[in-house]
2 protein chains.
Amino acid sequence: MTDFNAASFLDTLGLRATRPRLAIAHILFADGQNRHVTAEWLAEKVGQQGEPVALATIYNTLHSLVDAGVLRIVRGTGNDNIVFDTYTRPHHHFLDERTGELTDIPDGHLTLGNLPTAPDGRTIAGYDIIIRLS
Amino acid sequence: MTDFNAASFLDTLGLRATRPRLAIAHILFADGQNRHVTAEWLAEKVGQQGEPVALATIYNTLHSLVDAGVLRIVRGTGNDNIVFDTYTRPHHHFLDERTGELTDIPDGHLTLGNLPTAPDGRTIAGYDIIIRLS
DNA sequence: GTACATGCAAAAGCTTTGCAAGGAC
DNA sequence: GTCCTTGCAAAGCTTTTGCATGTAC
């Protein structure tokens, strides 16, 4: 974590090391933990640690990071906000219906018995499973 | 289908048989087929068949039908619009990533191998699976 | 110096709400 | 007559866009 270098991290992705991006990269990736974040949450977090960043810029950066392959968008959270996940490998989620909180399901703890065949000439790009908790 | 009686259908649900509701019930349930609809689509469809109905009323009615248990909201469609499904039993969906179109996966064609255990004192309320097609 | 990022404010899109007028029962 | 619905317009929210300013390289 202390040896996380946000500038070179961004450079590797082909993104310029601007102040907003450095702050965001640090918050999301410095400690190597998996996170589920919304633009709103991130904007507040950034603001707490220094200069605030415009929400539009937060969205810009999040989408850039998705394009760069280090973030992924989680479908089906049920609330309207886009949720970005720092864990990009295939995995699935628990959704707490009371709090809206999203947590990872440990890998290998969930398997699909038999995938149906894709209709027509389509191929299956992947699947998302949301387990609802009450 | 031709013997579908929208008025008594609504009555059974405890909803007054108003013009907008009759039109909507007819479109959604008269032929007994499963449908995935958005408020937008339904508003247009209603308008084609007679008097237009305000979008706010469409939403009102759709939510009333969800509350009555004859519609269900589909999570995770990836687009922003709420999708209502006339098929209320547990089942899952194909999502065509090119068109955004949602289709049912025939029942029994998809099973979860092993559900993970719910964390803490929570119970699993259900699960939603979206298979993405490309 | 140049191309890319930022920030602000405004636009866009979907959904909900408030309230007066209308209609079911 | 009473209570529920409707319709309209306006508000609410999240996300995106346009454009001038700023800045990394």
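So that the names make sense, note that chain A is the first sequence line, chain B the second, and so on, each numbered from 1. Worth knowing before you read on, the calculation uses all heavy atoms, side chains too, and leaves out hydrogens, waters and symmetry mates.
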Result for 5'-nearest mapping on DNA chain C, choosing between A:Thr61 and B:Ala17, is A:Thr61

May I ask you to test the B:His92-A:Pro116 pair for a side-chain heavy-atom distance under 4.5 Å?
no

Over all atoms of both residues, closest heavy-atom pair of B:Glu97 and A:Ala125:
OE1-CB, 4.1 Å

To the nearest Å, give me how far apart CZ (B:Arg21) and C1' (D:dT6) are.
9 Å

With the side chain counted from C-beta on, respond yes when A:Leu95 and B:Asp128 share a heavy-atom pair under 4.5 Å apart, and no when they do not.
no

Checking ring-ring contact (aromatic ring centres under 6.0 Å, His included) between A:Phe29 and each of A:Tyr87, A:Phe9, A:Phe4, which is the one that passes?
A:Phe9

Could you list by number each residue of residues 35-58 of chain B showing a heavy-atom separation from DNA chain D of less than 4.0 Å, or answer none if no residue does?
B:Val53, B:Ala54, B:Ala56, B:Thr57

Take the protein atom CD1 of A:Ile24 and the nucleotide atom C1' of C:dT6, then report the distance between them rounded to whole Å.
11 Å

Would you mind reading off the distance between A:Leu15 atom CG and D:dT23 atom C1', rounded to a whole angstrom?
15 Å

Would you mind reading off the distance between B:Leu22 atom CG and C:dG23 atom P, rounded to a whole angstrom?
14 Å

Rounded to whole Å, CG of A:Asn60 lies from P of D:dG18 at a distance of 12 Å

When rounded to whole Å, the CZ to C1' distance for the pair B:Arg19 and C:dG23 reads 12 Å

Between atom CG in B:Asp11 and atom C1' in D:dC4, what is the gap in whole Å?
14 Å

Going by distance alone, is a donor N or O of one side chain under 3.5 Å from an acceptor N or O of the other, for A:His91 and A:Asn34?
no

Quick check: closest heavy atoms across B:Ala39 and B:Leu55, and the distance to 0.1 Å?
O-CD1, 3.9 Å

Taking atom P of C:dA3 as reference, at what distance in whole Å does atom CZ of A:Arg16 sit?
10 Å

With respect to the phosphate group of C:dT6, does any side-chain polar atom (N or O) of A:Thr18 fall under 4.0 Å of OP1 or OP2?
yes

